[in-house]
Amino acid sequence: MALRLAREGGHPKPKADQSHSPLAIRGLTVSYGEKPAIFSVDMTVEPGAMTAIIGPNGAGKSTLLKAALGVVKPLSGTVTCWGAPLAKMRARIAYMPQRASVDWDFPTRVIDVVLMGMQRELGLLGRVRTSHLERAMSCLSRVGMEGFADRQIGQLSGGQQQRVFLARALAQEADLYLLDEPFAGVDAATEKAIIAVLKDLKAKGKTVVAVHHDLSTVRDYFDRVFLINTHKVAEGPVATTFTEDTLQSAYGGRLANLPKGAVG
Amino acid sequence: MIWEALFLQLGYNATLVTIGAALLGMAAGATGVFLFLGKRALVSDAISHATLPGVGLAFIVMVLLGGDGRSLPGLLFGSALSAGLGLLCVSWLTRATRLSEDAAIGAVLSVFFGFGIVLLTVIQSMTAGRQAGLETFLLGSTAGMLWDDAVIIALGGAAVLALVVLLRRPMAAVAFDPEYIAASGGDVRRIELAMMGLAMAITVVGLKVVGLILIVALLIIPAVAARFWSERVGRVVVIAGALGGASGWIGAGLSATAPNLPTGPIIVLVAFALFLVSLLLAPGRGVLAAALRHRRFQRRVHLRQGLLALAQGQPIYEGLTLRLMRAAGHLRADGVATETGRAQAARALLDERRWHLLRSNPRHEAAAARYDGLTPLERVLTPDQIEELDRELRPEGIT
């Protein structure tokens, strides 16, 4: 049954220029059981831009990110990064999962979580050197958490936990950052700190893609939007794509509480 | 006798067994931390029960080939094969069907164990099987253990320990956040397989000493006990290794003092005693420390409430509050406020008003997040900031 779905999703697509895109997704279908979470989705991420992935609950936003990274096995579709297969470009991609995805009572310190971001270069036997610690500390200070390095992670507030996760992604020193709801359930101070870091990444020419929930801040934070509701709804610059029409077709009737002035 | 056993003076073999059990305990404790933290503790129970048919079949095969059915390497090889098969079954059932892992564990554990018991019964009726003594694999026994057997156990334990040290970082990372490791290109399945493989090795090596029914305790109890003592994975692993090693050492020593004492249960009881000590006495996460902390916190709350009531001229009814206020010298025995009591009360009220102002102003959001009703504002803001805050406070009149 799964195979049949895969074939339906795999019909040929018109090919855009994807050799420069940090992340180009073609015909990606993912299914938990027999109900597709995302269906034949195409996405071409603009290099050096900040893109928001927007859609209602259960629209497949997180699934799209996870499938793009190979965490979830897709039924069909291809993912290329800078024109090459994902596997060859791993070192240039950083990921920040949702905060709720881990057990925060785990016996580890803030600095150890950030050092996890260097797992690739440390390898199996590599020793953590002073240079690694210094880099981890500088990542922590970029998110305003340098004073918490020795704390057990369970002692942090939700916003602080989120910033530690961001610091871990920064430690990867990647070119493409995929963030799953970086602003979910954080305090205003954390939101400010995170957006400052993301804008700084953009200023350095990095590419940022974030699953985003708060429609009222899309215009302030992002350059481009990608609207999804199982199927791709629209993709493009905020100015032209983030409109009443596209939102309406992504959210359907569920858009009753759209803040006034968010869309214009 | 007990002291002689613990200090390795019961002869060559008993000494070797005790050292072997200690090494096994260290390796089991250290390995168990990753199972426990990855919430996979019960998988090891399935693995251990799945060894039994392998033991039985290995014995039968070796006897049919005309060899000695009791050869430990042969039996361990057979048990490893069937434990591996059990592990594959659990992992396949979980992945390919809608069964949850605990259901898969239950199914595999009982079926393999049942089959193993049937095989043991068959072996009992074989002519060559009379003296097999395979039932000691259920609960472990060090009685009549051979030099070679003890060497195998000691070497196996040491090898697993070395591998745990080598793989500690990826195993900890996968236990904490497997999704992130997968997203950064790590092979989560292979690391989990290595973790399960180590648990399997411990089980197989520990069959003779601890027995298959209770080996899960040696994997899990030291890890759970060690968690009380530290908030860092590395230290939890070292402590769990130490606790497991101590359990193995003391347990094997004790069981060597009398014939027919089952080694496994005694090792597990020793481990449990260490767990109990950790649960009660560990600083930080221990039950006693938590109760003391709670009491101290409660007293601070009462004292603060008492001072605020005093400052606002409200009566204090609660006995504990009154007792604490008297003990702190804020109230005289007849319930009248003392000089210092009134001064402290005024300070508490001022602090409360400053906090109230701070929290109602969005500009101070970061500082306001530290409000807990007890921390004096002086510890959150600089004197300058407080002075600035007081300027906002004055117009309303604070006195």
Report, as yes or no, whether the 6.0 Å neighbourhood of atom [atom1] on [X] holds more than 12 heavy atoms from other residues, nucleotides or ligands.
X      : atom1 : value
A:K199 : NZ    : yes
B:R189 : CZ    : no
A:R120 : CZ    : yes

Where do B:D177 and A:R168 land on the salt bridge (Lys or Arg N to Asp or Glu O under 4.0 Å) test, with the steps shown first? CA-CA 12 Å; B:D177 194 351; A:R168 179 176 67 175; 2.8 Å; yes

Nearest heavy atoms of [X] and [Y], plus distance in Å:
X      : Y      : answer
B:L37  : A:P107 : CD2-CD, 3.5 Å
B:P170 : A:Q119 : CA-NE2, 3.4 Å
B:A183 : A:R90  : O-NH1, 3.1 Å

Angle class for the B:F176/A:F106 ring planes (parallel below 30°, perpendicular above 60°, tilted otherwise)? tilted

Side-chain touch [X]/[Y], heavy atoms, less than 4.5 angstrom:
X      : Y      : answer
A:D105 : B:R285 : yes
B:E179 : A:P97  : yes
B:S184 : A:Q172 : yes

For A:L65, is it the side chain, the backbone, both, or neither that has a heavy atom closer than 4.5 Å to a heavy atom of chain B? neither

Side chain, backbone, both or neither: which part of A:V72 has a heavy atom under 4.5 Å from chain B?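 No part of A:V72 comes within 4.5 Å of chain B.
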
Please state whether the side chain, the backbone, both or neither of [X] comes within less than 4.5 Å of a heavy atom of chain A.
X      : result
B:S230 : backbone
B:R227 : side chain
B:V233 : both

Carefully, step by step, assess A:M96 and B:Y180 under the rule side chain to side chain contact (heavy atoms under 4.5 Å, CB included). CA-CA 7 Å; A:M96 172 173 157; B:Y180 176 78; over 6 Å; no

Can you list the steps and then say if B:E231 with A:R109 is a salt bridge (Lys or Arg N to Asp or Glu O under 4.0 Å)? CA-CA 8 Å; B:E231 298 285 0; A:R109 294 171 307 165; over 6 Å; no

I'd like to know if A:D112 pairs up with B:R169 as an ion pair, taking the criterion as any Lys NZ or Arg NE/NH1/NH2 lying under 4.0 Å from an Asp or Glu carboxylate oxygen.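 Result for this pair is no, no salt bridge flagged.
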
